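Quick caveat: nothing in here was measured; it's all calculated off a predicted structure.
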Amino acid sequence: MAENVYEGLFIFDSNKFARDHDALPKAVEEIITSEGGEVLVSRLWEERRLAYAINNQRKGTYWLMYFRSDSQKITDLNRKCALNESLLRHLVLK
């Protein structure tokens, strides 16, 4: 199966991110690697006020990742990210 490079933008709950800066990105990296992916770049983008409240949160921490994964595993990755309570939103692009 062909592996593609994907860009993922993850919006973390700023309150949870402030308590432990390393745990939330590591959790997303573990989701990617558990699906057979390889994280290429993982970095903080910015913390900013959200345009509208998500789960009663007005601020979000944006985290940017580039990773390599099999295209058939992206659906499972999106499902696991949707179940993660610390993630307010996420978007994965090829």
[atom1]/[X] to [atom2]/[Y] distance, rounded to the nearest 0.5 angstrom?
| X | Y | atom1 | atom2 | value |
| --- | --- | --- | --- | --- |
| Tyr6 | Ser71 | OH | OG | 4.5 Å |
| Ile32 | Glu38 | CD1 | CD | 11.0 Å |
| Lys59 | Arg49 | NZ | CZ | 9.5 Å |
| Gln57 | Asp13 | CD | CG | 4.0 Å |
| Ile31 | Lys26 | CD1 | NZ | 14.0 Å |
| Asn84 | Arg79 | CG | CZ | 12.5 Å |

Could you pull out the closest heavy-atom pair between [X] and [Y], with the gap in Å?
| X | Y | result |
| --- | --- | --- |
| Phe67 | Leu77 | CZ-CD2, 3.9 Å |
| Leu50 | Ile11 | CD2-CG2, 4.3 Å |
| Ser34 | Lys80 | OG-NZ, 3.7 Å |
| Phe10 | Cys81 | CE2-SG, 3.8 Å |
| Tyr62 | Leu44 | O-CD1, 3.6 Å |

Honestly curious: do Leu88 and Leu9 fall in one hydrophobic cluster under the side-chain, below-4.5 Å linking rule? yes
Can you get from Phe17 to Leu64 by hopping between Ile, Leu, Val, Met, Phe, Trp and Tyr side chains that sit under 4.5 Å apart? no
Please check if the number of heavy atoms outside [X] that lie under 6.0 Å from its [atom1] is greater than 12.
| X | atom1 | value |
| --- | --- | --- |
| Arg48 | CZ | no |
| Glu85 | CD | no |
| Lys16 | NZ | yes |

With a 4.5 Å cut-off on side-chain heavy atoms, are Arg68 and Asn4 touching? no
When you look at Val28 and Trp63, which way does the side chain to side chain contact (heavy atoms under 4.5 Å, CB included) test go after all the steps? CA-CA 10 Å; Val28 174; Trp63 195 271; over 6 Å; no
Determine, stepwise, if the pair Val41 / Met65 fulfils side chain to side chain contact (heavy atoms under 4.5 Å, CB included). CA-CA 5 Å; Val41 176; Met65 286 189 190; over 6 Å; no
Regarding Glu29 and Ser42, do their side chains bring together a donor and an acceptor under 3.5 Å, going by distance alone? yes
Nonpolar side-chain network containing Leu91, other nodes, edges under 4.5 Å: Leu93
Between Lys94 and Glu7, does any side-chain N to carboxylate O distance fall below 4.0 Å? no
